[in-house]
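Encoded as structure tokens, the structure appears first; notes follow it.
As the structure lists them, so they are numbered: ligands from 1, and atoms in each ligand from 1. Along the sequence shown, residues carry numbers from 1.
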Amino acid sequence: MAKVLVTGGCGFIGTNLLKYILANRPDWEVVNLDLLTYAGNLENTLELEKLYPQRYSFVRADIADAETIDTVFQEHAFDLVMNLAAESHVDRSIENAGVFIRTNVLGVQVLLDAAVKYSVKKFLHVSTDEVYGSLGSEGRFREDLPLAPNSPYSASKAAADLLVRAYIKTYGLDAVITRCSNNYGPYQFPEKLIPLMVVNAYHERELPVYGDGKNVRDWIYVEDHCRGIVMVAEQGECGEIYNMGGDAEKENIQIVRSILGHLGKTDDLIRYVKDRPGHDFRYAMDFSKIESELGWSPEYDFTGGISRTIDWYLNNKPWWERILSGDYQNYYERMYANR
Ligand code: NAD
Ligand code: DAU
């Protein structure tokens with residue numbers, strides 16, 4: 001039985017990753033460590049406690065709290081650490097960078113220290129394509145490009161990537177980094193583009209499109225990303241970085257129109273608003289390295305994936321309604337108060 005720590009497991013990708021791992025790796029015992037910030041929803045992982053009582057457990061903790069992290073590592077003797085915990089929303093980082101530095105930089109340093117101290121066999125750090133900066137209309141991000149982050153969020157992620165590198169070189173930690181493009185799928189917090197637009201279109205509220213809506217993102221279905229993370233954890237070479245992408249470049253306005261079309265609403269709901277400061281124009285991934293070295297490639301095509309995703313939000317209205325009402329944040333207290 002491999003002992004695995006997943007941090008940030010109550011967030012969007014973490015939830016999907018836990019479900020993927022528990023269904024596909026029967027010999028992995030997983031601890032989900034999450035602080036339950038506004039982006040962490042314990043309700044997402046509730047069924048896992050029931051489905052896999054022997055192989056799944058939850059710990060509420062802050063990755064930047066060195067004392068608690070030390071205790072957790074001492075208790076569990078992890079073989080593998082997968083770090084997804086982060087502040088992840090660019091717009092929030094523009095409003096308040098401090099918490100991004102604390103979690104995304106200091107938190108990673110605390111985890112790396114614990115991984116070295118307790119001889120973790122593999123440390124997988126989930127990074128992002130945003131560390132490369134912004135592309136013009138040509139080209140794709142390759143792993144050997146220099147880092148050129150443009151937002152406090154992406155700068156904090158880039159700093160973490162450099163810390164991982166330093167711990168490999170200095171302490172001999174066996175670590176790998178994944179950098180992925182924009183994910184979409186179930187359980188994404190409804191302030192990110194796709195779920196926000198679905199919810200607004202459903203209520204016939206305005207859909208706020210930044211700038212002229214022509215910024216381009218490469219969209220990947222979250223399950224493809226999760227499969228890649230597990231593959232890199234198992235087969236990735238120490239010190240290597242692996243890009244992942246969906247091969248599905250879309251202008252934001254195309255995404256918004258396809259959501260409106262799916263819901264049978266008109267384009268009148270679109271409202272162009274002031275652009276995001278420092279808004280990266282285009283992201284596109286060259287993922288030929290992971291394709292040729294590990295045999296990974298995305299399996300979901302965008303048309304099927306987006307339609308499946310929109311339907312998930314429409315069929316799980318109580319899930320996002322409880323987030324919008326703030327109810328989900330009381331869940332931990334209700335669930336654990338008397339335990
Ligand atoms: P998310 O915001 O949905 O979830 C983040 C999770 O981390 C939440 O559950 C939150 O409670 C937890 N968390 C935050 N601060 C913490 C702390 N100090 N200690 C412990 N837990 C804490 O994010 P996501 O979209 O699921 O992204 C997960 C990871 O993947 C992040 O590292 C992000 O940078 C990276 N990533 C995201 C995307 C994307 O499109 N969403 C793409 C590439 C990479
Ligand atoms: O590329 C990977 C990154 O993708 C991850 O590292 C981040 O954690 C994740 O949040 C995401 O970042 P983006 O900034 O690309 O995602 P977001 O959903 O915030 O925005 C997607 C695009 O849509 C971006 O160009 C901004 C635009 N947008 C977003 C919102 C929320 C709008 O036009 N209107 C909006 O209301």
Side-chain angles (χ1 to χ4, degrees), residues 6-17 32-42 44-45 59-65 68-69 82-94 99-100 102-104 106-108 110-111 125-132 134 141 149-151 153-154 156-157 160 178-185 187-197 200 206-220 222 225-226 229 243-246 250-253 255-256 270-276 279-285 329 332:
V6 171
T7 69
C10 294
F12 163 46
I13 300 172
T15 296
N16 285 284
L17 179 66
N32 168 18
L33 183 147
D34 197 300
L35 181 58
L36 300 180
T37 66
Y38 79 91
N41 185 348
L42 194 60
N44 293 355
T45 52
V59 176
R60 186 179 195 178
D62 180 351
I63 59 165
D65 172 354
T68 305
I69 292 300
M82 298 167 129
N83 180 39
L84 286 86
E87 287 293 332
S88 72
H89 193 171
V90 174
D91 291 327
R92 284 182 184 251
S93 81
I94 295 167
V99 68
F100 284 74
R102 181 179 152 78
T103 291
N104 300 0
L106 180 65
V108 172
V110 166
L111 289 174
H125 177 67
V126 174
S127 183
T128 171
D129 60 356
E130 299 203 11
V131 298
Y132 297 118
S134 181
F141 294 134
N150 293 317
S151 72
Y153 162 68
S154 51
S156 69
K157 294 294 290 185
T178 60
R179 292 184 182 148
C180 189
S181 62
N182 285 60
N183 287 220
Y184 66 98
Y187 300 104
Q188 189 166 29
F189 198 77
E191 64 181 24
K192 301 282 178 78
L193 182 74
I194 290 178
L196 175 75
M197 297 299 166
N200 282 14
E206 286 180 337
L207 274 57
V209 174
Y210 297 165
D212 60 6
K214 301 237 183 259
N215 298 64
V216 175
R217 298 290 182 265
D218 167 19
W219 293 93
I220 180 173
V222 63
H225 183 197
C226 294
I229 291 173
N243 281 353
M244 282 180 261
K250 306 283 169 207
E251 290 180 348
N252 293 335
I253 193 67
I255 302 277
V256 170
I270 295 172
R271 188 160 79 87
Y272 292 95
V273 299
K274 192 163 169 275
D275 209 352
R276 172 186 279 175
H279 196 176
D280 288 335
F281 173 63
R282 174 171 165 260
Y283 304 145
M285 292 304 254
Q329 285 190 307
Y332 181 83

Margin query: For the 3.5 Å polar cut-off, considering only N or O atoms, please tell me whether Asn182 and ligand 1 meet it.
Written below: no

Next item on the list: If you have a sec, work out which protein heavy atom is nearest atom 18 (N) of ligand 1 and how many Å separate them, to one decimal?
Entry: Asp62 OD1, 2.8 Å

Note to self: Measuring only between side-chain heavy atoms, which start at C-beta, is Asn83 closer than 4.5 Å to Val108?
What the structure shows: yes

Notebook entry, point to check: Any chance the side chains of Asp129 and Ser181 put a donor and an acceptor closer than 3.5 Å?
Noted result: no

Next item on the list: Number the atoms of ligand 2 from 1 as they appear, then name those within less than 4.0 Å of a heavy atom of Val90, with their elements.
Entry: 14 (O)

Checklist line | Ligand-residue contact atoms, ligand 2 with Val209, heavy atoms, under 4.0 Å | finding: 33 (O)

Item checked: Proximity flag Thr7 to ligand 1, non-hydrogen atoms under 4.0 Å -> no

Check: Are side-chain heavy atoms of Val110 and Ile63 found at a separation under 4.5 Å?
Finding: no

Note to self: Under 4.0 Å, counting heavy atoms only: does Ala64 come that close to any atom of ligand 1?
What the structure shows: no

Item checked: Closest heavy-atom pair and its distance - Gly245, Asp218 -> CA-OD2, 3.5 Å

Note to self: Using every non-hydrogen atom in the two residues, find where Phe281 and Ser134 come nearest and quote the distance to one decimal.
What the structure shows: N-OG, 2.8 Å

Checklist line | Per atom 26 (C) of ligand 2, closest listed option by heavy atom (Arg217, Lys250, Lys157, His279) | finding: His279

Next item on the list: Can you sort out which atoms of ligand 1 are near Lys157, meaning under 4.0 Å from one of its heavy atoms?
Entry: 31 (C), 32 (O), 33 (C), 34 (O)

Check: Quick check: does Gly9 get an N/O under 3.5 Å from an N/O on ligand 1?
Finding: no

Checklist line | Side chain to side chain, Val90 and Ser154, heavy atoms closer than 4.5 Å | finding: no

Next item on the list: For residues Cys180 and Ile220, report the shortest heavy-atom separation together with the two atoms involved.
Entry: SG-CG2, 3.7 Å

Checklist line | Side chain to side chain, Asp65 and Leu35, heavy atoms closer than 4.5 Å | finding: no

Item checked: Residue-ligand contact Ala61/ligand 1, heavy atom below 4.0 Å -> yes

Checklist line | Atom indices of ligand 2 within 4.0 angstrom of Asp129 heavy atoms, with elements | finding: 1 (O), 2 (C)

Check: Can an N or O of Asp91 be found at a distance shorter than 3.5 Å from an N or O of ligand 2?
Finding: no

Notebook entry, point to check: Which atoms of ligand 2 sit under 4.0 Å from any heavy atom of Leu196?
Noted result: 36 (O)

Check: Is there side-chain contact between His279 and Asn252, with at least one heavy-atom pair below 4.5 Å?
Finding: yes

Next item on the list: With sequence neighbours left out, write down each residue that passes salt bridge (charged side-chain N to carboxylate O under 4.0 Å, His left out) with Glu251, or none if nothing qualifies.
Entry: none

Notebook entry, point to check: Does at least one non-hydrogen atom of Tyr184 fall below 4.0 angstrom from an atom of ligand 1?
Noted result: no

Margin query: Considering non-hydrogen atoms of the protein only, which is the closest contact for atom 21 (N) of ligand 1, and what is the distance?
Written below: Leu35 N, 3.1 Å

Next item on the list: Mind checking whether Asn252 contacts ligand 2 via backbone (N, CA, C, O), side chain (CB onward), both or neither, at a 4.0 Å heavy-atom cut-off?
Entry: side chain

Next item on the list: May I ask you to identify the nearest protein heavy atom to atom 41 (N) of ligand 1, giving residue, atom name and distance to one decimal place in Å?
Entry: Ile13 CD1, 3.7 Å

Next item on the list: Work out which heavy atom in Val209 is nearest to a heavy atom in Gly213; give both atom names and the distance.
Entry: CG1-CA, 3.4 Å

Check: So Leu33 and Ile69, side chain to side chain contact (heavy atoms under 4.5 Å, CB included) or not? Walk me through it.
Finding: CA-CA 9 Å; Leu33 183 147; Ile69 292 300; 3.9 Å; yes

Checklist line | Atoms in ligand 2 with a heavy atom of Glu191 nearer than 4.0 Å | finding: 31 (C)

Margin query: Out of all atoms in ligand 2, which are within 4.0 Å of some heavy atom of His89? Include the element for each.
Written below: 19 (O)

Next item on the list: Could you say whether the N/O atoms of Arg276 and ligand 2 ever approach to under 3.5 Å?
Entry: yes

Margin query: Would Arg92 pass as a cation-pi partner of Tyr38, given that its NZ or CZ must be under 6.0 Å from the six-membered ring centre and within 45 degrees of the axis?
Written below: yes

Check: Can an N or O of Tyr283 be found at a distance shorter than 3.5 Å from an N or O of ligand 2?
Finding: no

Checklist line | Heavy-atom nearest neighbour in the protein, as seen from atom 35 (C) of ligand 1, with distance rounded to 0.1 Å | finding: Val126 CG1, 3.8 Å

Margin query: Between ligand 1 and Thr37, is the shortest N or O to N or O distance under 3.5 Å?
Written below: yes

Item checked: Main-chain N/O of Thr15 paired with Asn44 side-chain donor or acceptor, under 3.5 Å -> no

Checklist line | Under-4.0 Å heavy-atom contact with ligand 2, by part of Asn183 that carries it | finding: neither

Check: Which protein non-hydrogen atom lies closest to atom 40 (O) of ligand 1, naming both residue and atom, and how far is it?
Finding: Asn183 N, 2.9 Å

Notebook entry, point to check: What is the closest protein heavy atom to atom 9 (O) of ligand 1, and at what distance does it sit?
Noted result: Asp34 OD2, 2.5 Å

Next item on the list: Run down the list Ile253, Leu193, Asn215, Ile13 and name the one with the heavy atom closest to atom 18 (O) of ligand 2.
Entry: Leu193

Note to self: Side chains of Asp91 and Arg276, heavy atoms from C-beta outward: is any pair under 4.5 Å?
What the structure shows: yes

Check: Would you say ligand 1 has an N or O under 3.5 Å from any N or O of Tyr153?
Finding: yes

Check: What are the two closest non-hydrogen atoms of Pro195 and Phe189, and how far apart are they?
Finding: CG-O, 3.5 Å

Note to self: Are Asn200 and Pro208 packed together at the side-chain level, in the sense that at least one heavy-atom pair is separated by less than 4.5 angstrom?
What the structure shows: yes

Item checked: Polar contact flag for His225 and ligand 1 (N/O pairs, less than 3.5 Å) -> no

Margin query: Is the shortest side-chain heavy-atom distance between Glu206 and Val273 below 4.5 Å?
Written below: no

Check: With only distance considered, is Thr103 within less than 3.5 Å of ligand 1 through an N or O on each side?
Finding: yes

Notebook entry, point to check: Against heavy atoms of Tyr153, which atoms of ligand 2 measure under 4.0 Å?
Noted result: 5 (C), 6 (O), 7 (C), 8 (O)

Next item on the list: Please determine if Ala85 has a nitrogen or oxygen closer than 3.5 Å to a nitrogen or oxygen of ligand 1.
Entry: no

Checklist line | Which residues share a ring pair (Phe, Tyr, Trp, His ring centres under 6.0 Å) with Phe141, sequence neighbours left out | finding: Tyr132

Next item on the list: Would you mind telling me if ligand 2 is within reach of the side chain of Lys192, the backbone, both or neither, using heavy atoms under 4.0 Å?
Entry: both

Check: Of the protein's non-hydrogen atoms, which lies at the shortest distance from atom 2 (O) of ligand 1, and what is that distance?
Finding: Ser88 OG, 2.7 Å

Item checked: Which residue and heavy atom of the protein sit nearest atom 28 (C) of ligand 1, plus the separation -> Leu84 O, 3.5 Å

